[in-house]
Amino acid sequence: MGLTRREFFKLGGGSIAAIAGAGILGNSLFNNPEAPAYAAPRIEYKHGVCEICEMNCAFLGKIENGRLVKLEGKPKDQHSRGALCAKGNSGINMLYDPDRLKAPLLKTAPGRIPGQDPKWKKISWDEAINRAASEIQKAIEKYGPQSVIWIGHNKGTDFLRAIGSPNNINHQSTCNAVRIMATRITLGVANYVPDFENSKYILCFGWDQLGKAKNSLARGLIEGKIKNNAKVVVFDPRFSTTASKAHEWIPIRPGTDLAVVLAMLNVIISEGRYNADFVAKYVEGFEELAEEVKKYTPEWASKISDVPAGTIRRIAHEFSGGCPAVIPIHKREAIQVRPGGFELARACLAMMAITGNIERRGGALLPRIAPLNYPKPKEKPPELQVTERIDGGHLFPLAVPKPLSGTGLYQSVPDMILRGEPYPVKVAVVYGQSLQSMPETEKWLKAFEKLDYVININIYPDDMATISDLVLPESVYLETPHISPRITNARYYQIAVAEPMVKKLYDTKEVDEIKYLLAKKLGVDKYMPPHGEKVLDYKLKRYGLTYKDALKKGGILNGSQKFTPKDLTSLRTESGKIQIYSPKLKELGYNPLPWFDETWLIEPKADDEFYLVTSRPPMHRHSKTHNMRWLHAIMPEGFIYINAAKAEKLGIKDGDMVELSSKYGKETGKAKLIQGIRPDTICVLHGFGNKSPYIKLAYNNGPNDSRIMPAYPKEVNMTLKDPVGASMDCHVIVKVRKV
Amino acid sequence: MAKKRWGKIVDLNKCVGCHACSVACLAENKVPNDKFRTKIIEHEEGIFPNVYRYTEKWSCNHCQKAPCVDACPTKASHYTEWGTVEVNPDLCIGCGYCVLACPYRVRVMNEREHGGLPEKCTLCTHRLEKGEKPACEASCIAGAIITGDLNNPDSEINKWMAKGAVERRPDLKTHPNVFIIPYRR
Ligand code: SF4
Ligand code: SF4
Ligand code: SF4
Ligand code: SF4
């Protein structure tokens, strides 16, 4: 905080000179809200929805003389509750970012090296669409439509269907696939809402939405703890923000949470502490679970996890004491990043189920997601000729129930491209996906190198843009309309509606329009659903409202806020009840119950070897916020957390550059020494490591965790008997060395 | 009606260190050059595995005996009618004495169009007077901030006061209008 004398003179001294120049006028009226303005600005407010993260917080945008100046959360929106996180608040930085893509760009230099000068040539949209379509056409003619893949956010499914490719590649296997599938099997829905505010016991396994500033989830936990006196217990190898707010932090050995949960199930069942009434009425497969968990004793779990058996017993007792209790699962945390993640998510759900905490206030609530109408294409596209997917998704029917739907095996893609298996890939359209989110980045780069053509739809000229042949600029969410049902934390049916805050600043397009133009050029537009303004009314049709009506109503449409429990015997599960034992999993050749396999475990063997965990800081979202000036000012670069005592042993001081190396790659970054992490574990902040000089603030902003992570081909998931194709990004031992 | 005394409390048991407040403040007050008026300070104490960590929203304390006001040669830094401390840009000569005088180090010099001006929290009195919450409180994702009239015994802020709010560095005898509820282990 201190200000040095030199800094003082730099600032104060400089100002004195400036003041002398300004003479008697002094410092008048600079943006001082107290001061009378010469002309009152024209102020209007517009309805918006934040698209920076999946909370999609609703806000009012304040527009002064046509310029968007501030975003303010809407108190009536259950996701924002009046607040926006630092990222949401900084949205205007993205809109007005001078480094944004402003027109289609064609790479004229050879090679695909991130950050290398692509010798971009600005071209018109006509030319861009022509080129993209002709490259796609060429590939389709020679290698079939399956040689064209779309990477990113499930946004390409309609386009792929129209051209006849099954290759909808999305990153969910590195993100939320495990939670989606575990919850689907168990509760018949894709997510559940942790009712923190009414809870008395909140048990977290790596869950840290406080540290990631997930607005109402963070507020909910704080309210549950402070207003409702809930006990909060956090298992995490690192002392996360959530752990710092908890009553108890248990620095568990990475990758062993599942052993602890299974042992807790053992305690709760063997000591008869489950809710027999609830189980009899609503739970399917309790007897089988009781049998299975007999072998998972607290003593067994203790050896694996470093958590004392007594602690496991005590927490199991506390959790099953009858009070409303919940285990939140968001996405990556402990579940997605290592083998057995699917089993961990299912075991957590089972623990809430047998203690009667499903669809109970203070427990896990079924989400209330307001449905929308989605328009269909004029003509039904022909059936896909090739249904085998490049990522192997067709071999994982849970992950990919139909060729174009589901979550897939993102991480398996580079190997398959390199092997040319099951067929060659020639063109990739990459949408909203950065190199920072491609585990084993070097392998992905080799795979991209092999492709004939890469088309990137992007907002920023980032790494991904610099390695692509053609860059198509997308509009920012503040320039486009949205209809957004509340999903992540939806306790009651609610839809937020957003309008463009300002006219598009540059020659950019929405992704739907880009897809449509491509399809049109390829002569398959009749297979594309309609897009643009006209769809907005259609989406709301079932509510008897138009899009404009919804805006007039304040941009928020509410269902009843009264809590009416849903029937737990007519769920969309195999039996209609809460499904702990799954015959379907058995039929597919997997274990029908949550289980544990000790071969899943890995262990650092030497002093310089570490477990890897990752996290995100509260002011950045993956790699998409790093060029936003306010966020950059708060956190300009990423770093690597290392236990201070352990670092001293290795001769590493705070701020030293260290090299991380694994079987999969190398990366360097600054070490940040802390007490709050296990000595055998490092934590790398995710999303950094941009090498593109064209986003100036984010240039060279620290280590990219993806470079040392594995991208396992599908065979690994098969060997590990993982039914969902999870990415297991942190299933790796990392060597750390001072450089 | 009794005179108002605007104040603020930050509950460090709730603050998650998200920086929403500091960014909302920049936007609300159109602060140029990204000179934050609110900073977030991280504290880590203890030795693994007995560690404590908490974050603290750090901005002007609106002292009732403010060294910055005392140090200001032109009376640009002054007490408002609501007991807060503000800078009158018309009187400010950009000397920076207040920056050095503030024992909490919450002021920073900013280059404005016509010279240097100290940047600091105004408690968003322009919003408070309209019945709105300050930008930081409105955007706090954890509900960790409360502002209100300390002279009104029924105000929410006085309910928080009763939960153990304390002055920062009472030894400095600056008598702040901004308080914290300390982090409890
Ligand atoms: S939590 Fe933050 S980034 Fe996510 S939608 Fe809300 S305001 Fe935007
Ligand atoms: S905190 Fe510093 S700037 Fe604010 S009133 Fe007190 S002395 Fe002045
Ligand atoms: S009260 Fe206003 S000026 Fe002060 S820190 Fe909060 S937002 Fe900034
Ligand atoms: S917005 Fe609230 S929780 Fe976030 S840093 Fe500021 S005071 Fe803390």
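Proteins get letters first, then strands, A, B, ... in listed order; numbering begins at 1 in each.
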Looking at [Y], I'd like to know if the NZ or CZ of [X] sits under 6.0 Å from its six-membered ring centre while staying within 45 degrees of the ring's axis.
| X | Y | value |
| --- | --- | --- |
| B/Arg184 | B/Tyr54 | no |
| A/Lys225 | A/Phe196 | no |
| A/Lys672 | A/Phe639 | yes |

Quick check on [X] against chain B: is it the side chain, the backbone, both or neither that has a heavy atom closer than 4.5 Å?
| X | answer |
| --- | --- |
| A/Ile226 | side chain |
| A/Arg678 | both |
| A/Ile674 | both |
| A/Glu64 | side chain |
| A/Asn643 | side chain |
| A/Glu72 | side chain |

Tell me which of these, [options], has more heavy-atom pairs under 4.5 Å with chain B than the rest.
| options | answer |
| --- | --- |
| A/Lys87, A/Lys245, A/Met619, A/His632 | A/Lys245 |
| A/Pro618, A/Ala86, A/Gly88, A/Pro679 | A/Ala86 |
| A/Leu631, A/Ile222, A/Leu210 | A/Ile222 |

Give me the one residue out of B/Leu128, B/Thr122, B/Val178, B/Thr125 that meets side chain to side chain contact (heavy atoms under 4.5 Å, CB included) with B/Thr84.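 So, applying the side chain to side chain contact (heavy atoms under 4.5 Å, CB included) to B/Thr84 and each of B/Leu128, B/Thr122, B/Val178, B/Thr125, only B/Thr125 qualifies.
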Matching residue for B/Pro103 among B/Cys68, B/Cys63, B/Pro67 - test: side chain to side chain contact (heavy atoms under 4.5 Å, CB included):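 Result: among B/Cys68, B/Cys63, B/Pro67, B/Pro67 is the only option passing the side chain to side chain contact (heavy atoms under 4.5 Å, CB included) with B/Pro103.
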Does any part of the side chain of A/His620, heavy atoms only, come nearer than 4.5 Å to the side chain of A/Met635, both counted from C-beta?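 The answer is yes, as the side chains (C-beta and beyond) meet within the 4.5 Å cut-off.
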For each of B/Asp11, B/Ile47, B/Ile40, tally heavy-atom pairs with chain A at distances under 4.5 Å, and name the one with the top tally.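 The option with the most such pairs is B/Ile47.
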Option in B/Cys21, B/Ser22, B/Gly46 with maximal non-hydrogen atom pairs under 4.5 Å from chain A: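 With the most close heavy-atom pairs to chain A, the winner is B/Gly46.
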Is the shortest distance from a Lys or Arg side-chain nitrogen in B/Asp149 or B/Arg5 to a carboxylate oxygen in the other one below 4.0 Å?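 Answer for the salt bridge query: no.
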Which portion of B/Cys15 sits near chain A, non-hydrogen atoms under 4.5 angstrom: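 Just its backbone gets close to chain A.
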State whether a side-chain donor-acceptor pair under 3.5 Å links B/Glu86 with B/His78.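 Note: B/Glu86 and B/His78 side chains miss the donor-acceptor criterion.
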